[in-house]
Amino acid sequence: QVQLVESGGGLVQPGGSLRLSCAASGIAFSIVAMDWYRQAPGKRREWVATITNGGNTNYASSVKGRFIISRDNAAKTAYLQMNSLKPEDTAVYYCKPAMVDAWGQGTQVTVSS
């Protein structure tokens, strides 16, 4: 049974930062790539970032240069450091194993003045 628990969201002003966490269980975490996705109101869920088991990263153009994805294999946790936040970053953020159709409850990020 795959379980994913996202946390760390909240309300921040434009230009602020947040760090999201994703605690995973039920998977061989250290050998799978992990993704972050987000879904804004009225929009489809979109891919945000990927980190491979070897630590290689890739980002959507909308967040490249502002967000950093990382992982702690010992803690079975993936992270998303979000800097220079913009109102258009407002969404529910989800993590998932790249090749597994499994989702957690998500964590709400709201960027507003």
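Starting from 1, each residue takes its place in the sequence as its number. Please read these numbers as outputs of a predicted model, since none were measured by experiment.
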Q: Does the ring of Trp103 carry Arg45 above it, NZ/CZ under 6.0 angstrom from centre and within 45° of its axis?
A: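 Satisfied, under 6.0 Å and within 45°.
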Q: Mind checking the CG-CD spacing from Leu11 to Gln108? Nearest 0.5 Å is all I need.
A: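 Taking CG in Leu11 and CD in Gln108, the distance rounds to 9.5 Å.
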Q: Please determine if Arg71 forms a cation-pi arrangement with Phe29, meaning its NZ or CZ atom is less than 6.0 Å from the six-membered ring centre and no more than 45° off the ring axis.
A: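 Judged by the rule (NZ or CZ under 6.0 Å from the ring centre, within 45° of its axis), Arg71 counts as positioned above Phe29.
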Q: How many angstroms lie between OG in Ser113 and CD in Gln13, if you round to the nearest 0.5 Å?
A: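 Output value for this atom pair is 7.0 Å.
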Q: Answer yes when Asp101 and Lys96 have at least one side-chain N-carboxylate O distance shorter than 4.0 Å, and no when they do not.
A: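 Salt bridge absent between Asp101 and Lys96.
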Q: Nearest 0.5 Å please: distance from the OH atom of Tyr37 over to the CG atom of Leu80.
A: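 One gets 13.5 Å once the value is rounded to the nearest 0.5 Å.
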Q: Does the Arg66 side chain pair with the main chain of Ser62, one donor and one acceptor, at a distance under 3.5 Å?
A: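 Here the side-chain-to-backbone pair exists.
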Q: Tell me the closest heavy-atom pair linking Gly26 and Val2, and the distance in Å.
A: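 Heavy atoms only, the tightest pair is O-CG2, 3.9 Å.
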Q: Let's go through Asn58 and Thr50 carefully: what are the C-alpha distance in whole Å and the side-chain angles of both, what is the deciding distance for side-chain hydrogen bond (donor to acceptor under 3.5 Å, both in side chains) to 0.1 Å, and is it a yes or a no?
A: CA-CA 5 Å; Asn58 201 12; Thr50 294; over 6 Å; no
Q: Check whether Thr107 reaches the backbone of Gly9 with its side chain - one donor and one acceptor, N or O, closer than 3.5 Å.
A: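 Yes; at least one donor-acceptor contact below 3.5 Å.
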Q: Checking Gln81 side chain against Ile69 main chain: does a donor-acceptor pair fall under 3.5 Å?
A: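 No: the side chain of Gln81 does not pair with the backbone of Ile69.
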Q: With distance as the sole test, does Trp36 use its side chain to make a donor-acceptor pair with the main-chain N or O of Arg38 at under 3.5 Å?
A: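 No, because the side chain of Trp36 does not come within donor-acceptor range (under 3.5 Å) of the backbone of Arg38.
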Q: Roughly how far apart are Tyr94 OH and Asp35 CG, rounded to 0.5 Å?
A: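 Atom-to-atom, Tyr94:OH and Asp35:CG are 15.0 Å apart.
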Q: Can you tell me how far apart CG (Leu18) and CG (Leu85) are? Round to the nearest 0.5 Å.
A: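 Leu18 CG to Leu85 CG: 6.0 Å, rounded to 0.5 Å.
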Q: Mark yes when over 12 heavy atoms from residues, nucleotides or ligands other than Glu88 sit less than 6.0 Å from its CD; otherwise mark no.
A: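 It does: Glu88 CD has more than 12 such atoms within range.
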Q: If you look at every heavy atom in Gln105 and Val5, which pair is closest and at what distance?
A: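 Closest approach of Gln105 to Val5: OE1-CA, 3.8 Å.
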Q: Between Glu6 and Cys95 (side chain of the first, backbone of the second, donor and acceptor by atom type, cut-off under 3.5 Å), is there such a pair?
A: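 Yes.
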Q: Please determine whether side-chain hydrogen bond (donor to acceptor under 3.5 Å, both in side chains) holds for the pair Thr77 and Asp72, giving the CA-CA distance in whole Å, both sets of side-chain angles, and the decisive distance to 0.1 Å.
A: CA-CA 5 Å; Thr77 302; Asp72 182 339; over 6 Å; no
Q: I'd like to know if the side chain of Thr90 and the backbone of Val111 have a donor-acceptor N/O pair within less than 3.5 Å.
A: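 Answer holds: yes.
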Q: Distance from Asn53 atom CG to Ile31 atom CD1, nearest 0.5 Å?
A: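 So the CG of Asn53 and the CD1 of Ile31 are separated by 7.5 Å.
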